[in-house]
Amino acid sequence: MTDTSPVSHNFIRQIVLDERAAGKHGGRVATRFPPEPNGYLHLGHGKSICLNFGIAREFGGSCNLRFDDTNPAKEDVEYVESIKADVRWLGFDWSELRHASDYFEVFYLCAEKLIRDGKAFVCDLSADEVREYRGTLTEPGRNSPFRDRSADENLDLFRRMRAGEFADGAKTLRAKIDMASGNINLRDPALYRIRKVPHQNTGDAWCIYPMYDYAHCISDAVEGITHSLCTLEFEDHRPLYDWCLAQIDLANHPELVQPLVDAGFKTNVSTPRQIEFARGNLDYTVMSKRKLMELVRDGLVAGWDDPRMPTLSGVRRRGFPPAAIRTFWERAGVTKQNSTIEFSVLEGCVREVLDANAPRRFAVLDPLKLVITNLPADHAETLSFPNHPKNEAFGTRSVAFSRELWIEREDFMEVPVKGFHRLVPGGEVRLRGVGIVKCTDVEKDASGNIIAVHCTLDPDTRHGMPGAERKVKGTIHWVSARHAIAAEVRLYDRLFNVVNPDDDSDGKTYRDHLNPDSKRIVRGWLEASFADAEPEAAVQFERLGFFVADRHDHAPGKPVFNRAVTLRDSWAKAAGK
RNA sequence: UGGGCCGUCGCCAAGCGGUAAGGCACCGGGUUUUGAUCCCGGCAUUCGCAGGUUCGAAUCCUGCCGGCCCAGCCA
């Protein structure tokens, strides 16, 4: 796997470098990507994937894929499969595939230890009561009336919680820390709750489930993770992460990990360090799981992999190559600063990798007939074109040429604007690979619409003739009308028409900013040589953009292409379009 | 008189006491049978602001200002 830009410096790489130099963890580097299987992965997850797998790869370490499945009410196997596929597509492979639920027995044993050590207690307060006791951001909380139960009583109660003797929500296991802490996460946070819900991985084996803060740190430690990378909002949770690991002290209590050994899992207990970095946001897009979920659920898009979605499966279907996503996140950097990257940076990465890797073809998406009047009606010839302007390895192809062609309607202007250097009445333009053509006539229907343009081809300028050197202002592409293959072409644009769809300060929500023109379907004409492309094959339709054969709908005899991105267009920009 | 974090060019981002990298965007110019690609050049006397320490500060200290996160039995 080769990406186009060199790695840049960032604070996490620096920490890893420093710690290795200091001999921490014996120089070993182990990370993990820990998604909750409750939705599809998006570009933001892509950042975390590139970071975690990238750091591991860079330092010869390991990176696990771990499903953070501690809340069965929200999770589903559909998501675990899509997540695995997306990580692989992005170009990464995990060292070990794990589930937090693989460790449920360990979590349980650790909880009993906490109880025996007087560090946790079973609390009978209801959710509402807990909230009241918690205090506020500026006022301390109060101790739960159940905080001083004996270890024996707590142990008994906790075992009965596991046995299913109590109703959902009736009791929780809470850490005994400090109800007056300025950090609300330390005000006796819940460690376990009762949920009589079947679990996606463990079925009905459990009715108590661990909370994130409790499960995550132990999972990391048990997997031997050295650097636990997560996003900024967990900064406040780090003291709890460290507290749990310090109290449990896995390193000196191997019996707590025995269930894993018995189950055949490799373990290598570590004291991981949590490091937080900023999420990656993109302008003109929403990235929250909730909003993406709503777009899908409410049919505002065609599914999780709609090419307009910022999901990994969406950009994949759109035709963004995985190398472009990797380059993008490398280029964006990793810091603790909240930021929103311009979408054009991503598009630039897409163009960069596609320019080097996509063969060229001709296609006309908004056809206007062009008739070469000085060619016989049955004129037929085959022209040869290189498939890539800068890379001969792409080879050449044959393209049928005849008297009647399709050209892009946009490439002809009866009344040209200043600076327009394509075809105009009486003017000349080069037909790519053919020669220079002069417009002699414009054919219109009864209502004045232009039906066709008539041209004469200057034989001295045919490709290969000395006269072909003659300069003309413009070159346009074409496709032989008689030979062209019809294809469905989907033209995508940004899903939202405002820079920050999340901003609802004006009373409008992201739904009010959906771009009605984000998807346009047209029938285009393709030169025959690409109609049988494989699904997901990338191509540049010259002068139009980079396209991809649709992953699901494209088939031999039924070509369907998605536009990934247009070519940079300084003319469109100059013309103020 | 809650806690945590962050402020370097339009957008990202290096920089770690020795006198502001790079990318994207933008503006010029060159090459070009894709108005693409490619190539050259330009683009922060200044690092949120104000003081202080120092021969020297984006880098250290103090105080302001601005922004983000936290009161799920979510992750």
Side-chain angles (χ1 to χ4, degrees), chain A residues 5-6 8-10 14 34-36 38 68 70-71 73-74 123 125-127 130-131 134-141 168-174 180-187 189-195 209 211-213 215-216 230-239 276 278 280 283 289 330-349 351-352 355-356 360 362 388-390 419-422 430-436 461 463 468-477 540-545 566-575:
Chain A
S5 47
S8 61
H9 192 79
N10 68 51
Q14 189 58 52
E36 181 186 17
N38 68 345
D68 220 332
T70 55
N71 186 353
K74 294 186 172 183
C123 183
L125 254 24
S126 70
V130 167
R131 194 174 310 119
R134 187 155 33 224
T136 69
L137 292 179
T138 54
E139 303 157 17
D168 282 16
K171 286 179 166 43
T172 56
L173 180 72
R174 291 225 262 161
S181 173
N183 182 343
I184 291 182
N185 294 299
L186 265 22
R187 318 241 266 227
L191 265 23
Y192 267 93
R193 75 285 217 185
I194 301 170
R195 283 284 175 282
Y209 291 95
M211 299 293 292
Y212 166 85
D213 290 299
H216 203 86
C230 64
T231 42
L232 252 28
E233 68 272 25
F234 292 104
E235 231 155 3
D236 285 346
H237 296 237
R238 191 178 349 122
E276 312 83 14
D283 61 5
K289 269 188 189 173
E330 185 56 46
R331 211 164 267 187
V334 181
T335 69
K336 300 191 71 153
Q337 266 180 93
N338 289 312
S339 64
T340 301
I341 306 160
E342 292 174 340
F343 202 85
S344 62
V345 179
L346 212 205
E347 288 183 328
C349 294
R351 291 192 183 105
E352 195 172 298
D355 182 66
R360 313 287 125 122
F362 292 156
H388 192 106
K390 292 179 296 191
F420 184 80
H421 48 235
R422 274 108 93 153
R430 183 184 304 278
L431 289 180
R432 180 102 223 263
V434 174
I436 296 172
T461 63
H463 193 71
E469 301 300 311
R470 211 181 105 208
K471 300 294 180 196
V472 277
K473 289 178 302 182
T475 299
I476 65 175
H477 61 96
Q540 180 194 103
F541 288 146
E542 287 201 22
R543 302 210 307 132
L544 297 176
T566 61
L567 257 28
R568 205 173 259 108
D569 189 347
S570 57
W571 164 244
K573 197 189 300 172

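Note that the structure is predicted; figures quoted are calculated from it, not measured. Note on naming: letters A, B, ... go to the chains in the order of the sequence lines (proteins, then strands), and numbering restarts at 1 for each one.
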**Message:** Tell me whether the side-chain N/O atoms of A/Arg174 come closer than 4.0 Å to OP1 or OP2 in B/C73.
**Reply:** no
**Message:** With a cut-off of less than 4.0 Å, is there a side-chain N or O of A/Ser570 near OP1 or OP2 of B/A36?
**Reply:** yes
**Prompt:** In whole Å, what separates the C1' atom of B/U32 from that of B/C38?
**Reply:** 9 Å
**Request:** Determine the Euclidean distance between corresponding C1' atoms of B/U19 and B/C26; express it in Å to zero decimal places.
**Result:** 28 Å
**Prompt:** In whole angstrom, what separates A/Glu542's CD from B/A36's C1'?
**Reply:** 9 Å
Could you list the residues that satisfy side-chain hydrogen bond (donor to acceptor under 3.5 Å, both in side chains) with [X], not counting sequence neighbours?
{"X": "A/Ser126", "answer": "A/Glu129"}
{"X": "A/Gln337", "answer": "none"}
{"X": "A/Lys289", "answer": "A/Asn38"}

**Reading 5' to 3' through nucleotides 66-72 of chain B, protein heavy-atom contacts under 4.0 Å coded B for base, S for sugar-phosphate only, - for none** = --SBBBS
Nucleotide nearest [X] when distance is taken to its side chain, options [options]:
{"X": "A/Gln540", "options": "B/C24, B/U34, B/G35", "result": "B/U34"}
{"X": "A/Arg195", "options": "B/C73, B/U34, B/G23", "result": "B/C73"}
{"X": "A/His421", "options": "B/C12, B/G35, B/C24", "result": "B/G35"}

**Asked** At under 4.0 Å between heavy atoms, what does A/Ala127 touch on the DNA or RNA strands: base, sugar-phosphate, or nothing?
**Response** base
**Counterpart residues, side chain to side chain contact (heavy atoms under 4.5 Å, CB included), relative to A/Glu342 (two or more places apart)** = A/Asp283, A/Ser344, A/Val345
**Message:** Just to verify, what does A/Arg543 make a salt bridge (charged side-chain N to carboxylate O under 4.0 Å, His left out) with, not counting sequence neighbours?
**Reply:** A/Asp411
